[in-house]
Amino acid sequence: MTKPLPFNDSRHLQAHQFLVDEAYLLDAQQYEAWLETLTDDVRYVMPVRVTTARGAGFDCAPGMAHFDEDKYSLSQRVARLGTEHAWAEDPPSRLRHFITNVRTFEGDDPAHLLVESAELLFRSRGDVTDSAVLSCGREDLLRWCDDRWKLARRRIFVDESVLRMQNLAVFL
């Protein structure tokens, strides 16, 4: 990977703004609007993290993912949230996506930006006193289309090999 763009580079600022705006949409549970920020060929993946010896050469289970989705499957998840069958999110969770450590890289194609970020998700459900926190790193590919940046690929790398969240009915 090349060296990151400077923080004052307009492309970095645009990518950072994209992530902040996306976090707002997810916190506000404006999922239909969030879907509009995705390309039609988006790939949204969260590999299963495993604990291995230092020399193993991998820290994700090969060929395994908590989810590996495209625009259609993400649309179906969003549609399901509006039905009585979304029991894992009824009542809806209270969410806060904290996005930090944003680094942006230019690629060979000027219509694409590679963006790394760290995310901390706080989730509270119902009247339960225990909240859930999930920490992860993300590798995104943003594509310039329709006169704006859209998410074309996201790989989410959770910082735990055993998730302490009851379900993954939220978007990261």
Transitive ILVMFWY side-chain link Val45 to Phe67, under 4.5 Å: no
Within 6.0 angstrom of Gln30 CD, more than 12 heavy atoms from elsewhere: yes
Single-linkage hydrophobic cluster Val133~Leu168, side-chain heavy atoms < 4.5 angstrom: no
Shortest non-hydrogen separation from Ala88 to Arg123 and the atoms involved: O-NH2, 4.1 Å
Check ion pair Glu139-Arg153 (N to O, under 4.0 angstrom): no
Close side-chain approach of Val102 and Leu19, heavy atoms under 4.5 Å: yes
Side chain Arg77, main chain Val170, donor-acceptor under 3.5 Å: yes
Salt bridge (charged side-chain N to carboxylate O under 4.0 Å, His left out) partners of Arg154, counting only residues at least two apart: Glu22, Asp140
Heavy-atom donor-acceptor pair, Ser73 side chain to Glu69 backbone, under 3.5 Å: no
Side-chain donor-acceptor contact under 3.5 Å, Ser93 with Glu89: yes
Summary of ring pair (Phe, Tyr, Trp, His ring centres under 6.0 Å) pairs that have at least one residue in residues 108-146, sequence neighbours excluded: Trp144-Trp149
side-chain contact (heavy atoms from CB on, under 4.5 Å) between Arg80 and Thr83, worked out: CA-CA 5 Å; Arg80 186 173 178 274; Thr83 72; 4.1 Å; yes
NZ/NE/NH1/NH2 to OD/OE distance under 4.0 Å, Arg125 and Asp130: no
Pairs involving residues 3-27, ordered by first then second residue, that meet ring pair (Phe, Tyr, Trp, His ring centres under 6.0 Å) (sequence neighbours left out): Phe7-His12, His12-His16
Distance in Å, Asp9 CG paired with Leu113 CG, rounded so as to fall on 0.5 Å steps: 8.5 Å
CZ/Arg94: more than 12 non-hydrogen atoms of other groups inside 6.0 Å: yes
Spacing of OG1 belonging to Thr39 relative to NZ belonging to Lys150, to within rounding of 0.5 Å: 7.5 Å
Euclidean distance, Arg138 CZ relative to Arg155 CZ, rounded to 0.5 Å: 14.0 Å
Candidate pair Lys71 and Asp41, rule side-chain contact (heavy atoms from CB on, under 4.5 Å), full reasoning: CA-CA 7 Å; Lys71 182 94 177 243; Asp41 64 343; over 6 Å; no
Rounded distance [0.5 Å steps], CG in Leu141 versus CG in Leu114: 5.5 Å
Shared hydrophobic cluster, Leu95 / Leu151 (ILVMFWY, side-chain heavy atoms < 4.5 Å): yes
Under-4.0 Å salt bridge between Arg148 and Asp146: no
Residues which pass side-chain hydrogen bond (donor to acceptor under 3.5 Å, both in side chains) with Asp159, listed by chain and number, not counting sequence neighbours: Ser135
Atom pair CD/CZ of Glu116 and Phe157 - distance to nearest 0.5 Å: 10.0 Å
Nearest-0.5 Å distance that lies between atom CG in Leu134 and atom CG in Leu120: 8.0 Å
Verdict with supporting geometry, Phe105 and Leu5, side-chain contact (heavy atoms from CB on, under 4.5 Å): CA-CA 6 Å; Phe105 304 85; Leu5 296 173; 5.9 Å; no
Salt bridge (charged side-chain N to carboxylate O under 4.0 Å, His left out) assessment of Arg43 paired with Asp68: CA-CA 7 Å; Arg43 180 114 184 262; Asp68 185 348; 2.7 Å; yes
For Gln17, all residues meeting side chain to side chain contact (heavy atoms under 4.5 Å, CB included), sequence neighbours excluded: Asp21
Met46-Phe98 co-clustered via ILVMFWY side chain contacts under 4.5 Å: no
Main-chain N/O of Arg49 paired to His66 side chain as donor or acceptor, under 3.5 Å: no
Expected output: side-chain Asp27 to main-chain His97 donor-acceptor under 3.5 Å: yes
Tyr44 side-chain N/O to Leu172 backbone N/O, donor-acceptor pair under 3.5 Å: yes
Hphob cluster co-occupancy, Leu35 + Leu26, side-chain heavy atoms under 4.5 angstrom: yes
Those residues that, when tested against Gln76, pass side chain to side chain contact (heavy atoms under 4.5 Å, CB included) (two or more places apart): Tyr72
Chi angles and distances behind the side-chain contact (heavy atoms from CB on, under 4.5 Å) call for Thr37, Leu25: CA-CA 10 Å; Thr37 70; Leu25 291 174; 4.1 Å; yes
